[in-house]
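Reading through the structure tokens given below for one structure.
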Amino acid sequence: MTAQASSLLAGRRRPVALALFLLVQMFAAVFFVGDAIADVLEGDVGPHLYFEMLVALALALGVGLGALALRQTLEEMKAQDVALASARGALGDVIAAQFTAWGLTPAERDVAFLALKGLDVAEIAELRGRAAGTVRAQLARIYAKAGVSGRAQFAAWFVEDLLGEGLETEPQHG
Amino acid sequence: MTESGSGLSAGLSPKGQATATLPRWDPLLRLTHWGVAGVVLGNYALTKEGSSVHIALGWIGLGLLALRLIWGFVGPAEARFASFSPNPMAALRHLASLARGQAPHYPSHNPAGAMMAYALWACLAVLTVTGILMTGASPMKQAELEAAVAAGDWSAVVEEGGDGEENESPGGEALEEVHEVAANLILLLALLHVAGVAVESRVMRRNLVAPMLVPRRRRR
């Protein structure tokens with residue numbers, strides 16, 4: 001497979017491309033089967049017919065295998081979606097539980113979520129209709145309750161869990 | 001019934017929210033659906049009966065139907081026959097609950113839609129088979145005949161025993177009759193199908209057309 005073809009078949013458009021390919025293959029299979037039957041009915045039996053039957057068989061097999069491949073691709077994509085959704089949900093649950101454990105107020109929770117999503121002070125202030133100074137003070141309280149030095153450490157608090165034992169194993173391999 | 005019962009819970013997201021309740025039709029299912037719709041409408045409204053284009057569209061329809069039927073065995077859950085087995089009583093119950101405005105969600109076809117799908121496939125099978133029996137198993141015969149006539153070679157017509165209606169066998173007439181009845185029936189069913197989708201979409205405030213048009217990812 002060439003690089004262009006593989007990039008065309010990559011990602012979310014792959015099932016559509018596979019389905020179109022299957023469709024074309026199916027039309028060809030139906031054509032050859034019909035033509036072979038017509039030849040048999042007309043008593044036109046010979047090498048030509050045997051070759052046509054071979055082509056029809058190959059196309060039919062191609063359709064069957066292609067259909068199985070398409071189903072597999074669709075199932076893999078569905079599994080990825082489910083895994084992504086549950087990972088998202090799980091991370092959200094972990095964050096919410098930790099906010100509760102730190103004793104954040106509802107307003108602080110909102111600000112903390114927005115900060116984790118990467119919004120800066122000005123953006124959070126605009127979104128919540130508060131003064132930038134208010135948001136800065138809320139962030140300071142959040143960091144104090146979480147016991148972190150600032151935004152980077154605050155975000156790292158949650159990412160650290162996802163990274164697992166990365167820090168300890170790295171030097172041994174390196 | 002257990003089928004639809006377990007299917008219903010499968011349609012719920014892990015947190016129990018009713019988010020994934022509309023079916024996720026895969027691309028092959030969508031392609032065959034709109035392909036068949038195009039073939040039926042095209043052969044009803046655009047092509048001349050018995051012309052090579054009409055016959056070609058019929059063969060394409062047969063290919064689409066065959067692919068969809070294969071997909072009914074090997075496709076993903078919502079496309080498989082096992083998830084929407086024909087059940088007239090369940091179909092009536094669904095229509096009754098729809099009339100009360102309480103039609104439940106189904107991960108695949110609802111029972112009434114399933115009956116419609118099987119009826120449409122049966123009609124399509126009858127249409128294509130009678131069409132092929134009338135025109136011969138070779139998809140290219142009529143096209144070759146027309147090409148020969150267009151080139152001024154009328155001998156092909158004579159060889160085939162004439163293209164006219166005067167020397168048609170009684171069996172041929174019966175086939176034509178069945179073909180016509182099936183064609184009218186499939187149009188009627190298609191209208192009913194569209195009406196059913198429109199009514200359920202409106203009454204239950206769920207857009208049943210969108211899942212058949214675009215993948216869910218882009219609708220979100």
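Every chain is numbered from 1 and lettered A, B, ... according to where its sequence line falls, protein lines coming before strand lines.
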Flag yes if more than 12 heavy atoms outside B/E180 fall under 6.0 Å of its CD atom; otherwise flag no. yes
Turns out that what part of B/I70 lies under 4.5 Å from chain A's heavy atoms comes down to side chain
To the nearest 0.5 Å, what is the distance between CG on B/L28 and CG on A/L18? 9.5 Å
Toward chain A, the part of B/L67 with a non-hydrogen atom under 4.5 Å: both
Select one option (side chain, backbone, both, neither) describing which atoms of A/L70 are under 4.5 Å from chain B's heavy atoms. both
To the nearest 0.5 Å, how far apart are CZ in B/R24 and CE in A/M77? 8.0 Å
Among B/I132, B/D26, B/V74, B/T32, the residue with the most heavy-atom pairs under 4.5 Å to chain A is B/V74
Counting heavy-atom pairs closer than 4.5 Å to chain A, which one of B/A79, B/A66, B/G63, B/A77 comes out on top? B/G63
From CE (A/M26) to CG (B/L62), nearest 0.5 Å: 7.5 Å
Under 4.5 Å heavy-atom distance to chain A, tell me which part of B/W71 shows up: side chain, backbone, both or neither. side chain
Check each atom of A/F27 against the heavy atoms of chain B and say whether the ones under 4.5 Å are side chain, backbone, both or neither. side chain
Part of B/R80 lying under 4.5 Å from any heavy atom of chain A: side chain
With only heavy atoms counted, which part of B/L64 is less than 4.5 Å from chain A, the side chain, the backbone, both or neither? both
Over 12 non-hydrogen atoms of neighbours within 6.0 angstrom of CD in B/E49: no
A/P15 and B/P27 have their tightest heavy-atom pair at CB-CG, 3.5 Å
Quick check on A/F113: does its CZ atom have over 12 non-hydrogen neighbours (other residues, nucleotides or ligands) under 6.0 Å away? yes
Crowding at CD, A/Q153 (>12 non-hydrogen neighbours, <6.0 Å): yes
